[in-house]
2 protein chains.
Amino acid sequence: MADSHAPASPEKPGAASPAPAVTRAAAVLDALAASATGRLTLSDLSREVGIPKSSTSNLLLALEEARLISRQGAEFTLGRKLVELGAAYLGRMDEVQEFYRYCEQASVLSRETVRIAMLDGANVIYLARYEGHPAVRLTSNIGDKMPVSLCAVGKALVARLNWHDIEEMFPDDAELPVLTPKSLRTGAELKAQLREIREQGFAFEDEESTTGVVCLAVSVPTRGAHGPSLGLSVTALEATYTPEQGAQMVKELQELAHSLGNPMG
Amino acid sequence: MADSHAPASPEKPGAASPAPAVTRAAAVLDALAASATGRLTLSDLSREVGIPKSSTSNLLLALEEARLISRQGAEFTLGRKLVELGAAYLGRMDEVQEFYRYCEQASVLSRETVRIAMLDGANVIYLARYEGHPAVRLTSNIGDKMPVSLCAVGKALVARLNWHDIEEMFPDDAELPVLTPKSLRTGAELKAQLREIREQGFAFEDEESTTGVVCLAVSVPTRGAHGPSLGLSVTALEATYTPEQGAQMVKELQELAHSLGNPMG
DNA sequence: GCTGATCGTTCAGTCAACTGAACGCAATCC
DNA sequence: GGATTGCGTTCAGTTGACTGAACGATCAGC
């Protein structure tokens, strides 16, 4: 390491990729997605990803031809093709379609803000959102990620994992990300809640990500052997939330979850 | 599908890509997105994209490591990373955020189904959708594509192009895709409408994509020199549509378009 | 207007990725 | 049951992609 300031660990040291150009191209896309403005120059990307400029230039040319990125003057941004591909992914998930259909005709959920999310490591990714409650407008969009410890649906999904994996992901003294005064702070706190969630069959969030907002969530039994873990959540305003309401919402969430887990209903 | 899968010429004959592995990887993603079920085996992909199996195998390994695809047994599907990247693209578009904000507080549009779309060759891609009208549920989702001749927003966007380019894209005898009895059939028909749209400043669709549904649309003046062409549309049921309603909707659409085209309003 | 730095592109040499045939394996057909 | 078809993987040879330094272009500073 002659270079003192290694910007990150962009290269894979041990494992050689079977198609390095593809791995590098993916790193370029990640760098663009992670950057603050979403606009980077060739030199920026070359530095960020840690590959020579000339190689980066070739990658960018190929990515641009594939519409995966777009060049505007000297700056590169993510390309619109990514929207199409992401949409193709979501469109293929029957669960998302079924989710919309169910929410529309449910008695309570049809008037609430409901979301379906997927577990991705220590985060959840929101896949779709049904907005039946005009007063509850979420700041998070489809595709956004959220640490599992900060949302009901994250806790519901993690509670389904093997306890051994949970212990590994969240040691007792693990420091968790904090968004509000009520956010959980340590792995021990989280695991105490996970035990509760396992017993009662649903998860809750009491202003842990946003003050004034509460959530309820359940996990969907995995359809088939493969496939990602899905979860469902309802968001409500703390000011108007009542336990009776909550009980009914959980009931409908569980019904939807069961229907999603056992297709061809 | 604009391109019926031609098994013969999947390769770029004349132009050699500066990073063929990336171009090929993109072709693999396209093939997965275009396939009926979204699930293809290595051999399927090898045949579809027209590259040797061993090479395809390496590509798939790299793509899987990057989470751009996912393997389930012997079948490959698009990966969840694509949802993140697509979301990152949309999240960077200030126009989408502003679109939501405006729709929520508009007097008429807040109770309608509104969409924002972008021109992509001879198609439009839907970027976001605001659902203020419970009775109007669209079958098309975010990221879906639609031929420009079949929707109001497509016609609004094409009407903005140079007439020379329009003539090239749509010769008089060009055959247009047809979805309903009212769909436009020829380039001549389309261009007649485009002239009308240029004069009145907004576009319309009279059951050309879906029977019983009408649309109004305007284009957004391009922000800055670069950047994609954006368009806005409102969808209404033909049965309840009135011209007075339409006039008000067009007014608000144009207001939003103006605001999107001139930021920091 | 000149200097300096930074940016993106070009080019030839070298190394590594791609090819294609052969392999093991599983499911299918007769 | 045996044969056959199709799948995905392996491996060595060869072609083609990647590197890195030098080039011209652009912009900021004095």
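Quick note on labels: first sequence line is chain A, next is B, and so on, each numbered from 1.
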TODO: Return the set of residues passing salt bridge (charged side-chain N to carboxylate O under 4.0 Å, His left out) with A:Asp120 (not counting sequence neighbours), or none when no residue passes.
DONE: A:Lys145, B:Arg67, B:Arg80
Task: Derivation of the side chain to side chain contact (heavy atoms under 4.5 Å, CB included) call for B:Lys81 and B:Glu84 - done: CA-CA 5 Å; B:Lys81 174 64 76 55; B:Glu84 294 174 46; 4.1 Å; yes
- [ ] Rounded to the nearest angstrom, tell me the gap between atom CD1 in B:Ile51 and atom C1' in D:dT15.
- [x] 17 Å
- [ ] List for me each residue that meets salt bridge (charged side-chain N to carboxylate O under 4.0 Å, His left out) alongside B:Glu255, sequence neighbours excluded, and say none if there are none.
- [x] none
- [ ] Hey, which sits more toward the 5' end of DNA chain C by its nearest nucleotide, A:Ala21 or A:Asp44?
- [x] A:Asp44
Between N or O atoms, less than 3.5 Å apart, protein on one side and nucleotides 9-13 of chain D on the other: list the pairs.
{"from": "D:dT9", "atom 1": "OP2", "to": "B:Ser57", "atom 2": "OG", "distance (Å)": "3.3"}

Task: Under-4.0 Å side-chain N/O to phosphate OP1/OP2 contact, B:Arg47 with D:dC7 - done: yes
Open item on the list: To the nearest 0.5 Å, what is the distance between CE on B:Met93 and CG on B:Leu260?
Closed with: 9.0 Å
Open item on the list: Looking only at the side chains, is there a donor atom on one of A:Thr23 and B:Glu65 sitting less than 3.5 Å from an acceptor on the other?
Closed with: no
TODO: Calculate the interatomic distance between A:Glu75 atom CD and C:dC7 atom C1'; express it in whole Å.
DONE: 13 Å
TODO: Would you mind telling me which of D:dC18, C:dG8, D:dG8 lies closest to the side-chain atoms of A:Ser43?
DONE: C:dG8
TODO: Say whether A:Ser70 and A:Glu64, considering side chains only, have a donor N or O and an acceptor N or O under 3.5 Å apart.
DONE: no
Task: Distance, rounded to the nearest Å, where A:Leu59 contributes CG and C:dA17 contributes P - done: 14 Å
